[in-house]
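Both backbone and side-chain heavy atoms feed into the values below; hydrogens, waters and symmetry mates do not. It should be emphasised that the depicted structure is a prediction, and the values quoted were computed from it without experimental measurement. Lettering of chains follows the sequences in order, A, B, ..., and the numbering in each one begins at 1.
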Protein chains: 4
Amino acid sequence: MSDKRAHILDSAEILFAEKGFDGTSVRDIAGHANVNLAMISYYFGSKEKLLASLIEHRAGYTRGIIEELAKDESLTPFEKIDKLIDLYVDKIFNNSRFHCIVTTHLPTMQSDEIKGMMADIKFMNLEQIKKIIIDGQKKKVFGKVDMELTVASIMGTITQVTSSKALYYRIFNIEKSNEELYNKKLIPKLKTHLKQLLRAHLSFNHHE
Amino acid sequence: MSDKRAHILDSAEILFAEKGFDGTSVRDIAGHANVNLAMISYYFGSKEKLLASLIEHRAGYTRGIIEELAKDESLTPFEKIDKLIDLYVDKIFNNSRFHCIVTTHLPTMQSDEIKGMMADIKFMNLEQIKKIIIDGQKKKVFGKVDMELTVASIMGTITQVTSSKALYYRIFNIEKSNEELYNKKLIPKLKTHLKQLLRAHLSFNHHE
Amino acid sequence: MSDKRAHILDSAEILFAEKGFDGTSVRDIAGHANVNLAMISYYFGSKEKLLASLIEHRAGYTRGIIEELAKDESLTPFEKIDKLIDLYVDKIFNNSRFHCIVTTHLPTMQSDEIKGMMADIKFMNLEQIKKIIIDGQKKKVFGKVDMELTVASIMGTITQVTSSKALYYRIFNIEKSNEELYNKKLIPKLKTHLKQLLRAHLSFNHHE
Amino acid sequence: MSDKRAHILDSAEILFAEKGFDGTSVRDIAGHANVNLAMISYYFGSKEKLLASLIEHRAGYTRGIIEELAKDESLTPFEKIDKLIDLYVDKIFNNSRFHCIVTTHLPTMQSDEIKGMMADIKFMNLEQIKKIIIDGQKKKVFGKVDMELTVASIMGTITQVTSSKALYYRIFNIEKSNEELYNKKLIPKLKTHLKQLLRAHLSFNHHE
DNA sequence: CATGAATGAGGGTTCATTCAT
DNA sequence: AATGAATGAACCCTCATTCAT
């Protein structure tokens, strides 16, 4: 891919995440990417197709997770959950801007193409995690749980944290814009919390 | 408050939730509310102040929860958690449009006034739930948990479900626009899931 | 109708006639009419609807002709043809800009609405003239002629003259921009020519 | 001339006739001709020069008529008129797209070069026909007529018919896009009409 | 000789807001 | 108190053209 194209995508990602799709003008993007205004139409056709290209470009960021997990056939179900959490949290924090776009800005897009792409991403995530839970249940390690809502709790917790950055900066007394420190403090906490939460949830025998 | 004012606020809520703040024009709102275009500036000053008015108007929707809980001093900590979940899920589903605005559209607003309002709402929610957990811990009923992230899991789970309506319609095989059936099926499931999740999480002794 | 609206229509007529629809920008029109650019959308909705409004506004300019003719029931068929020519030539020269738009610019418009309006105008003209010819034939004054093509000759001759202004300025050695002199010289010539042409054409017995 | 050059001219003619000069973009032309966008500037210099090239390329289409007529010195003046009509109608219908461009799209072009070319074409047509009429008058076969306006009636009638295709399709009940049938029906009618019209007009003694 | 990449200018339209009434 | 008219700014997109390769 050409440098400019990638540069535009980067700028679009930053601005869409920060100001939303409707709140970002193609002038903003062109200005941020330091390219001519007409280049956006030239490369992508339209503002909406630019978004679609961005989604396609970044959507693979969670795709590799399940394959990484599949490699380790020796892991126990709980070890798999732990690894799943490690992988997901890392991936999402490494792609926090795109994750922000997907979770907060895509839902209002009215384009059917965008809606379809988003549904696919969510569905894929759901299926990936379901597989692991079902596997644990087959091995009699996990109890009976609501599969979809358990997934919702995992994803929802991560999303909640990433979308309320300002709040957690305040809670942890971290000065703004020191993102490195923020991540260093928060990520381990988040991983530990999710692992504990799921360990308790999945092992608990709800019928006793 | 005059009828027209309330009517405008209702329309704004519907449209902001559906299309976002930037995606909704004052013409849309005026058209939907069947009022003159100039009325919006006339009553509220500006589009942004209209949003602020809307937030102020609706923000109290969770305020009553903690007071309701405080009445029942006889409840056990787990019963309080259960009741908290019941109250939150009901409140959020009854105010799903405003909840959608708060969780997905407000975060991108650049106005400091709006940001402050939003932070207050989130902070208030956090504090409300923290109180109950701390109370349970004092009574040696709840184990040691990450307070803030436990709250994030509760709120995140609910938000995840409400913001992925389309996905859950598909999962539960409910025909679109039959919102009544959707709520009837999903709300009990969600409450049960959250109660189980928290019961396990809070009672589990993570140090053993 | 408001002054501004009429002013915009006038400017649009002048510019469309001179430069065509595609060759005229709404900025041109706004500048010529000395109104704000957004007024065009405000009053007419779009550039194309402005054209449609212009057509509707001016289309009646030939409508009155047949009624004027109908009043004089005493006229002979040839006198009616003569009067028809007088009326048409006068009307078209008095509305030369709009006539120019209809004959040279509307045919390429791709909008179905515009196409329909144009077809109606042409069809009306055709029917008006046909009535008179048929009446003359019934009275055994006119011979058998191809009705539609006879009308085409009348309209085509006038259009040819109006659309080749520059050529006829040269032929008659009239300095440019002296439109008054041009009309004074050309109109009588054109009327006489058409009357002679039709007198010969309609009275000639083509079967002998 | 290279194949590509000719191909571009063909595409330009088709599109200019259909959508006008301003309504056709060089992208349209490049796309229709299946050549690179930059080729058009490369070969012709600019869009306007492309039009000039097209005119030059096609303008000779009426030039041969007078020469063909000149060959037959044996013909009577009326036979010459008849032949003139046959030749003109055929030529115009065989070059209907270019004729359309000349009569409806060139008049609005503001370029002096284009205006000059167009004036030359019209002037040439005028002179060609004048010669024949003058010859007939010298031979005391034709009466006194307005030369220029007689030519205007000939050209105007043909143009009127070709520019109102849709109308005549409707009148003759011919299904759209069956151009072959349309031509087969209309051309003989038009020739006959014009011959009758001119025979009557030219032979009629307007002073008696 | 031919072309993909790039650009400045301008296209039509919609925006939130204001102002005279 | 309420509104139709009006506006300047900004929107996204396409234009004809150029230039390095």
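To the nearest angstrom, C1' of dG12(E) lies 12 Å from CZ of Phe16(C). Atom-to-atom, CG of Asp28(C) to C1' of dA9(E) comes out at 14 Å; the value is rounded to the nearest Å. Per the geometry, CG belonging to Leu51(A) stands 12 Å off P belonging to dC13(F), to the nearest Å. As a whole-Å value, the separation of Asn34(A) CG from dA6(E) P is 13 Å. Nucleotide dA5(F) holds its P atom 18 Å from the NE2 atom of His7(C), rounded to whole Å. Rounded to whole Å, atom P of dG4(F) lies 11 Å from atom CE of Met39(B). Regarding Ile8(D), its CD1 atom lies at a distance of 14 Å from the P atom of dC1(E), rounded to whole Å. With rounding to whole Å, Phe44(C) atom CZ is found 14 Å from dA6(F) atom C1'.
For dA6(F), the OP1/OP2 oxygens have no side-chain nitrogen or oxygen of Asn36(C) closer than 4.0 Å. An OP1 or OP2 oxygen of dT3(E) is reached within less than 4.0 angstrom by a side-chain nitrogen or oxygen of Lys4(D). For Tyr43(B), a side-chain nitrogen or oxygen approaches OP1 or OP2 of dA2(F) to under 4.0 Å.
A 6.0 Å sphere centred on NZ of Lys47(B) holds more than 12 heavy atoms belonging to other residues, nucleotides or ligands.
Side-chain atoms of Ser111(C) come within 3.5 Å of backbone N or O of Ile114(C) as a donor-acceptor pair. A distance-only check finds no donor-acceptor pair linking the side chain of Thr104(B) to the backbone of Ile101(B) [under 3.5 Å]. The backbone N or O of Ala38(A) lies less than 3.5 Å from no partner atom in the side chain of Ser41(A), so there is not a single donor-acceptor pair. At least one donor-acceptor pair under 3.5 Å links the side chain of His105(C) to the backbone N or O of Ala17(C).
Both key distances under 3.5 Å define a Watson-Crick or G-U pair, and stretches of 3 or more such consecutive pairs in DNA chain F run E:2-21 with F:2-21.
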- Message: For a side-chain contact (heavy atoms from CB on, under 4.5 Å) check, start with the C-alpha distance between Leu50(D) and Tyr43(D), then their side-chain angles and the critical distance, and finish with the verdict.
- Response: CA-CA 8 Å; Leu50(D) 164 61; Tyr43(D) 268 132; over 6 Å; no
- List the steps, then state whether side-chain contact (heavy atoms from CB on, under 4.5 Å) holds for Leu9(C) with Ser53(C). CA-CA 8 Å; Leu9(C) 282 174; Ser53(C) 293; 4.3 Å; yes
- Task: Check the pair Phe44(C), Ile8(C) against side-chain contact (heavy atoms from CB on, under 4.5 Å), reporting the backbone distance first and the verdict last.
- Result: CA-CA 10 Å; Phe44(C) 302 96; Ile8(C) 293 170; 3.5 Å; yes
- Contact state string [nucleotides 16-21 of chain E, B base, S sugar-phosphate only, - no protein heavy atom under 4.0 Å]: BBB---
Can you give the donor-acceptor pairs under 3.5 Å from side chains of residues 18-25 of chain A to other protein atoms, not counting sequence neighbours?
{"unit_1": "Lys19(A)", "atom_1": "NZ", "unit_2": "Asp28(A)", "atom_2": "OD2", "d": "3.0"}
{"unit_1": "Thr24(A)", "atom_1": "OG1", "unit_2": "Leu15(A)", "atom_2": "O", "d": "3.2"}
{"unit_1": "Thr24(A)", "atom_1": "OG1", "unit_2": "Gly20(A)", "atom_2": "O", "d": "2.7"}
{"unit_1": "Ser25(A)", "atom_1": "OG", "unit_2": "Arg27(A)", "atom_2": "N", "d": "3.3"}
{"unit_1": "Ser25(A)", "atom_1": "OG", "unit_2": "Asp28(A)", "atom_2": "N", "d": "3.0"}
{"unit_1": "Ser25(A)", "atom_1": "OG", "unit_2": "Asp28(A)", "atom_2": "OD1", "d": "3.4"}
{"unit_1": "Ser25(A)", "atom_1": "OG", "unit_2": "Asp28(A)", "atom_2": "OD2", "d": "3.4"}

